[in-house]
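The next block holds one structure in the form of structure tokens; read it before the comments.
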Amino acid sequence: MFLNLEEVFKIMEQLADVTLRRLLDNEGFDLDPGLQEPSQITKKDLKARAQNEFFRAFFRLPRQEKLHAVVDCSLWTPFSRCHTVGQMFASDSYICFASKEDGCCNVILPLREVVSIEKMEDTSLLPNPIIISIRSKMAFQFIELKDRDSLVESLLVRLKQVHADHPVHYDTSQDDDMMSPAFHSTSVCSDHKFGNLEMVSSQNSEGSGTEKSPRLHPEAVRAVFQQSASQSPDSRMSREQIKTSLWNDHFVEYGRTVCMFRTEKIRKLVAMGIPESLRGRLWLLFSDAVTDLASHPGYYGHLVEESMGKCCLVTEEIERDLHRSLPEHPAFQNETGIAALRRVLTAYAHRNPKIGYCQSMNILTSVLLLYTREEEAFWLLVALCERMLPDYFNLRVIGAQVDQSVFEELTREHLPELAEHLNDPSALASISLSWFLTLFLSIMPLESAVNVVDCFFYDGIKAIFQLGLAVLDANTEDLCSSKDDGQALMILSRFLDHIKNEDSPGPPVGSHHAFFSDDQEPYPVTDIADLIRDSYEKFGDQSVEQIEHMRCRHRIRVLQGHEETTKQNVLRVVTPEVSILPEDLEELYDLFKREHMLSCYWEQPRPVAPRHDPSRPYTEQYRIDAQQFAHLFQLVSPWTCGAHTEILAGRTFRLLDDNMDHLIEFKAFVSCLDTMYNGEMSEKIKLLYRLHIPPALTENDQDSQSPLKNPLLSTSRPLVFGKPNGDATDYQKQLKQMIKDLAKEKDKSETELPKMSQREFIQFCKTLYSMFHEDPEENDLYQAIATVTTLLLQIGEVGQHSSSSSGSCFQEWGEELQALEPSPEQDSVFADSDTGPTPQDSMACPEQAEGNWTVSLEHILASLLTEESLVNFFEKPLDIKSKLENAKINQYSLKTFEMSGQSHPELKEDSSLLTRRACHTKVQTTVSGAVSP
């Protein structure tokens, strides 16, 4: 299966990436259908996923786009007058081409732009050719296609589906704005202009829905505040006109729509800076936001209408940041620009609640609004957040941190001397994080930063990586001599603040870092065009494939780092509140999280979905349900009770589920375990008591449906019990003293727990008997609990009689007990189990017993304290380490057996199933003997 070590390692990386992103990065990761079942994942599935991800990253297409075919072929390129060798990529909604030589020629053909796909006659010069015609009267000829017939057939099926889903409308008005060169269609061999496609849906939506929805601004907000030409130097305007002329010449030869030939020549034009008049339109074409815009007419207006006026946490955050978005630009110093920005951000938050709104989105959107209309800016924002900067805009900014880690690796590779000086990776991250989050817009003069955005929309994140390296390279000498991170930050901030754009036709706009410019000596100015050119020449050799591979590796590290940070924060919060040793607490956290992970990975999603929520406090990020808790309880709880363990686990879960959302977090889980292992006897008994009253014990509790649920006829059984050595202990005096002590302590106690009924008391006794099974002192414990059970029955009966008379109190109970003197000849509770009921037994009324028989926590605790063997049992030290070791071994086997539909395997420290069944039988018999006549 595997041919070499490199292949094995690559597949392991893929599996690790899929696993971590599925389990930890659930904010932005949708698993491919072929990888849903872990046991069915094949090498072919992983290869297909890797190819799919490369395809989407290379052409920067939507995440939901699925690749169907990759075919070797050649494409006729008129500008070079030859066929260019490469590959065709066919997906749900696109046909794309990439030349074999990187950067030579790429083409993106959205199927909604395609008119026809036809086979041509096969010749020796043109083997297996097809012609793809698009609406702008261009045609693309592909040859040397294998399985041409089946390929064309599948393409035609998808073409028909796309046209059915998104009908195309034509604009017959020949609007001047729509006839802008950026949207013209041009033949490859002619410069005739044809009827234009209605690419901007806002024109129709604005005309019909103005009265119903907020009025959308009809043009880019920059146009309102555009400086007149006379205010700009003639030389700058002439350079702008020269660049515009170069672009128009390029459109004639290479096409002017989204289907244009993308070559090294266009990259050079972009690096020079896109003319102001074409910038917004080319951003739409390069990002393919123009396709989304045309495919969703009226969508933005509908979102604005739905979202405006609604108040929530997201809208409050947006309002706070509106006036911080390019505050130095006149377009955002008045309500016109602010209102447009508010509408776009609010509409996007309404469209994508998973992202909602994150800081830096306001800065990016404000710049988009300077060069495009509102609806166009909205779709550019969609392209940025959902395609071009994946996972950047979420709570943990995973994508930005991954690219930060990639940037650090590139720095070590290209600038080793600087990397050695900046030996702390976090130092570089703190300096450069804003470069990635805002595409240099927040730390560079605006007129220069928009040139960086030009390159980003054409080349993607590669442009930011190489420009960042160029900035570090230009300052290597100063950075290597810096003494600390603060000085390094000052050096870079001052350098970036003095990057100018000599070709910008407008006046310079103030920078966020202007306070660094107050130097006594003038600081040298760097031209943005020179810096971008250097970045391409020195650091432009990174391919998309290399960047994606590095992203994959560093994503694993970033996610692991996040998990380690979460773990340390949880342990720091929980450790002071429990007595469990830190190393054992760490093991418990790993077991708890592993149980969550196993369920997520191996089981179908359950109704309660949000088990992992990074937005919650650290201690509540991972939560488990009742079934997962039962597994952990069986593995690590010291109160394992054979067949009764599952029942006790269910009651414990219900007790810990305070908010009744059917999920509990780690803190509650470990606090409960801490009581079981390290609590004092009174704390342990209180916990057991609470497990046998509501809400832990319910009417539907499966164990309480046994015959013992019925009302019991309590007895006036003697309080003198036989001992193995023939001695007898009189508990009458102890009971009287206990009642006196309770009377004194009652007022000092905390919130009093509800009293326990007969049914609940029976379940309490059954649990105790189950816990004593296989204990070295098992016989003594059984005898002791039988004694205490009878004692408590006497107390309950006394309380029952007292409650029926006025003025009952603890003192009256003591007087009642004097009437219960035993006869000397009565034996132990187990001495004669076949003895019939006494006259006193027959006087008891079942209905009264059921309604009034109760016993309190204080009664139970005081009674248990009378038996040394019980005190020793609850106060003996318990070893959690052995439990944890066994749990690590057995956790996977429990899950495996459960998923296979088999019964749970026996844990190493548990007895056989036969012994458990015998224990369960003995529990019921013993409890019956203790409380029945």
Backbone N/O of [Y] and side chain of [X]: donor-acceptor pair under 3.5 Å:
X: Arg148; Y: Pro129; result: yes
X: Ser99; Y: Cys105; result: yes
X: Lys119; Y: Val152; result: no
X: Asn128; Y: Leu145; result: yes
X: Asn394; Y: Val397; result: yes
X: Gln466; Y: Ala463; result: no
X: Asn362; Y: Ser360; result: yes

Side chain proximity check, [X] to [Y], heavy atoms < 4.5 angstrom:
X: Cys312; Y: Thr315; value: yes
X: Phe142; Y: Leu126; value: no
X: Phe286; Y: Arg262; value: yes
X: Arg267; Y: Tyr536; value: yes
X: Ile355; Y: Met361; value: yes
X: Met120; Y: Gln141; value: yes
X: Thr257; Y: Glu113; value: no
X: Phe436; Y: Phe465; value: yes

Which value, rounded to the nearest 0.5 Å, describes the distance between [X] atom [atom1] and [Y] atom [atom2]?
X: Leu341; Y: Ile363; atom1: CG; atom2: CD1; answer: 10.5 Å
X: Leu380; Y: Arg373; atom1: CG; atom2: CZ; answer: 12.0 Å
X: Leu155; Y: Ile130; atom1: CG; atom2: CD1; answer: 6.0 Å
X: Ile274; Y: Leu282; atom1: CD1; atom2: CG; answer: 5.0 Å
X: Leu159; Y: Ser116; atom1: CG; atom2: OG; answer: 8.5 Å
X: Leu15; Y: Arg49; atom1: CG; atom2: CZ; answer: 9.5 Å

**Request:** Tell me, with the steps shown, if Phe261 and Leu75 meet side chain to side chain contact (heavy atoms under 4.5 Å, CB included).
**Result:** CA-CA 11 Å; Phe261 291 97; Leu75 170 67; 4.0 Å; yes
Evaluate whether atom [atom1] of [X] has more than 12 neighbouring non-hydrogen atoms of other residues, nucleotides or ligands under 6.0 angstrom away.
X: Glu101; atom1: CD; value: no
X: Lys146; atom1: NZ; value: no
X: His250; atom1: NE2; value: yes
X: Asp165; atom1: CG; value: yes

**Request:** Give the C-alpha distance, both sets of side-chain angles, the deciding distance and a yes or no for side chain to side chain contact (heavy atoms under 4.5 Å, CB included) between Val544 and Glu548.
**Result:** CA-CA 6 Å; Val544 172; Glu548 289 303 308; 4.1 Å; yes
**Request:** Go through the steps to decide whether Asp17 and Arg555 satisfy the test salt bridge (Lys or Arg N to Asp or Glu O under 4.0 Å), and finish with yes or no.
**Result:** CA-CA 7 Å; Asp17 182 52; Arg555 186 181 297 112; 3.1 Å; yes
Residues [X] and [Y] bridged, charged N to O under 4.0 Å:
X: Glu264; Y: Lys268; result: no
X: Arg279; Y: Asp454; result: yes
X: Asp288; Y: Arg60; result: no

**Asked** So which heavy atom on Ile134 is nearest to which on Cys259, and how close?
**Response** CD1-CB, 3.5 Å
Strictly by modelled atom types, are [X] and [Y] linked by a side-chain donor-acceptor pair under 3.5 Å?
X: Asp292; Y: Tyr299; value: no
X: Thr77; Y: Thr84; value: yes
X: Glu545; Y: His549; value: no
X: Ser295; Y: Arg112; value: yes

**Request:** Before giving the answer on salt bridge (Lys or Arg N to Asp or Glu O under 4.0 Å), spell out for Arg63 and Glu386 the whole-Å C-alpha distance, their side-chain angles and the decisive distance to 0.1 Å.
**Result:** CA-CA 8 Å; Arg63 282 187 175 184; Glu386 299 175 17; over 6 Å; no
**Message:** Just checking Phe58 against Phe89, ring centres under 6.0 Å apart?
**Reply:** no
**Request:** Compute the ring centroids of Tyr371 and Trp283, then answer whether they are less than 6.0 Å apart.
**Result:** yes
**Request:** For Cys73 and Gln87, run side chain to side chain contact (heavy atoms under 4.5 Å, CB included): C-alpha distance rounded to whole Å, both residues' side-chain angles, the deciding distance at 0.1 Å, then the answer.
**Result:** CA-CA 5 Å; Cys73 64; Gln87 286 184 315; 5.7 Å; no
**Derivation and outcome, side chain to side chain contact (heavy atoms under 4.5 Å, CB included), residues Tyr392 and Ile398** = CA-CA 6 Å; Tyr392 264 58; Ile398 294 291; over 6 Å; no
**Message:** Working note: Phe59 + Tyr94, criterion ring pair (Phe, Tyr, Trp, His ring centres under 6.0 Å); need CA distance, chi angles, decisive distance, verdict.
**Reply:** CA-CA 10 Å; Phe59 295 104; Tyr94 291 86; 8.9 Å; no
**Message:** If the test is side chain to side chain contact (heavy atoms under 4.5 Å, CB included), which one of Leu467, Asn451, Leu439 qualifies with Phe456?
**Reply:** Leu439
